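As structure tokens, the structure follows; a few thoughts come after it.
Quick caveat: nothing in here was measured; it's all calculated off a predicted structure. Just so it is clear: chains get the letters A, B, ... in the order the sequence lines come, proteins before strands, and each one is counted from 1.
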Amino acid sequence: MPPMPRVVVLAAVALALAGCGIASGDERITLKVLAASSLTEAFEELGTAYGAAEKNTTVRFEFAGSQELAMDVDEREPADVLATADRATMDTVAGKVTGRRAFAYNTLTIAVAPGNPKHVQGLASLADRRLRVVLGGPIVPVGRYAAQVLARAAVTVRPRSEESDARTVLTRVRTGEADAGIVYVTDMRSAGISASSVPIPAQQNVTATYFAAAVRSGAHDPAAKAFVAWLGSPTAKAILRKYGFPTP
Amino acid sequence: MNRRAPWVLVLPALLGLAFLVLPLAGLLLRAPWSTLGTRLARPEILDALRLSLISATLATLLCLLMGVPLAWVLGRVDFPGRRLVRALVTVPLVLPPVVGGVALLLALGRNGLAGRWLDRWFGVTLPFTTAGVVLAEAFVALPFLVISVEGAVRAADLRYEDAAATLGASRWTTFRRVTLPLIAPGVGAGAVLCWARALGEFGATITFAGNFPGRTQTMPLAVYLALENDPQAAIVLSLVLLAVSVVVLAGLRGRWVS
């Protein structure tokens with residue numbers, strides 16, 4: 001890395017000092033939001049929008065499989081907001097969160113290599129033993145939804161691997177290790193041209209419901225509740241829809 | 001000499017000891033002792049245990065086959081770039097295992113440098129297979145064996161080999177009948193370390209081989225995943241791994257402890 005010009009450094013210092021000046025007026029808050037991996041891009045934009053609207057609040061995210069995040073809330077680290085990809089995962093921490101609400105929906109699709117070289121036609125194709133299929137694990141929301149979808153279609157799949165979140169399933173397809181994987185429709189956007197998708201017809205598909213809640217032990221209780229409530233605002237809904245998530 | 005140890009050293013030392021012992025105590029205290037037997041006998045735990053033992057043992061055999069000759073070359077043959085080769089051998093030791101897993105995917109994955117040809121010519125793909133687990137474990141464990149064996153090779157008295165050579169033994173015979181018995185303790189210790197490292201491997205395994213019960217889900221993967229839905233099972237699995245570690249330590253006590 002080339003050395004930073006001194007002017008830039010000085011400007012940064014000046015800005016930092018100015019920032020401190022504002023902060024002394026009222027309290028600056030950093031909200032820690034744990035969010036399901038499928039929300040990555042949408043929540044990053046939501047965080048920016050929220051930071052612009054609420055000048056004193058900075059939102060920091062951690063993205064992972066919902067079940068991992070729930071475990072974090074349960075055991076490990078302090079967090080302010082939890083956003084999961086299903087209700088069951090939120091239920092596992094029911095006593096530790098408050099004010100939960102459904103804020104977005106999603107549906108599933110089959111991710112395949114670009115151009116669908118294995119000619120996957122639909123869910124029935126996934127039963128083929130020669131096809132390398134990767135799914136979310138049995139306690140991972142995307143895996144649970146996939147199991148529901150496959151049960152509806154009466155298709156039995158023997159996955160090669162069970163991944164811990166939707167994005168890892170997609171990565172297995174993108175890198176070519178897997179021929180197909182069941183992910184959220186919205187995930188495909190993040191893959192760009194590195195994956196194609198085969199739609200799952202509506203009568204076989206399920207609706208995934210995303211829940212958000214404030215964490216009780218969080219240090220910024222009112223701010224966390226405010227963020228969860230804001231997820232229902234027109235601004236937040238518009239951003240979620242932009243990334244392909246229908247909203248209530 | 002009877003000098004009192006200065007408290008500035010004793011205090012951090014005690015802290016360090018507590019730091020190492022406390023987590024283990026936590027594991028032992030929170031273990032569901034009353035239901036331990038039934039939990040250990042559950043099929044998913046037995047599956048993970050069996051897979052771990054098999055894959056770690058195969059990885060160790062693989063490391064012995066490649067590592068002992070590699071250590072011998074490093075310790076006995078003078079060639080240009082030896083220091084570089086030695087540095088390369090130890091890279092997996094300091095590399096984060098997840099990075100090792102990504103590297104293995106790029107080399108031996110289905111679209112990897114070599115993996116592509118394995119798939120095309122032989123129809124062999126390694127990710128998502130037990131063979132993939134063995135390779136991931138061998139990748140991270142090999143340096144342990146090489147370092148241990150190379151030390152033994154260097155320490156072995158060259159005069160025995162010279163004597164064998166003057167008596168007409170070929171270099172291969174000398175290696176087999178003289179050098180190998182001389183370095184056997186080093187090979188044994190290296191193999192045990194290598195096996196323990198392979199048994200505990202997580203990052204490279206989950207990245208390269210994926211996760212599926214009975215096929216690629218080893219004990220460490222099972223511990224991590226159990227933590228998410230059945231913490232008690234995670235503790236039980238951890239206890240098993242802890243017990244194995246203690247046994248390994250006991251086996252090596254003559255060399256390091258005491």
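The parts of A/P159 that come within reach of chain B are both its backbone and its side chain, each placing non-hydrogen atoms under 4.5 angstrom from that chain. For A/T171, no part lies near chain B; criterion is any non-hydrogen pair under 4.5 Å. Residue contact with chain A, scored on non-hydrogen atoms closer than 4.5 Å, is absent for B/L106. For a residue to count as touching a neighbouring chain, one of its non-hydrogen atoms must lie under 4.5 Å from one of that chain's; by this rule A/V140 does not touch chain B.
A cation-pi contact, defined as under 6.0 Å to the ring centre and within 45° of the axis, links A/R100 to A/F211.
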message: ring pair (Phe, Tyr, Trp, His ring centres under 6.0 Å) for A/Y210 and A/F245? Distances and angles first, verdict last.
response: CA-CA 10 Å; A/Y210 289 77; A/F245 296 90; 5.4 Å; yes
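In terms of non-hydrogen atom pairs under 4.5 Å with chain B, the most contact-rich of A/Q67, A/E177, A/R160 is A/E177. Among B/T125, B/N211, B/T216, B/I206, the residue making the largest number of heavy-atom pairs under 4.5 Å with chain A is B/N211.
Without hydrogens or angle criteria, A/D86 side chain to A/T89 main chain gives a donor-acceptor distance under 3.5 Å.
Just one residue in the list A/T84, A/L34, A/I139, A/L82 forms a side chain to side chain contact (heavy atoms under 4.5 Å, CB included) with A/S66, and that residue is A/T84. Considering A/Y243, A/Y184, A/F103 in turn, A/F103 is the only one that fulfils the side chain to side chain contact (heavy atoms under 4.5 Å, CB included) rule with A/L39.
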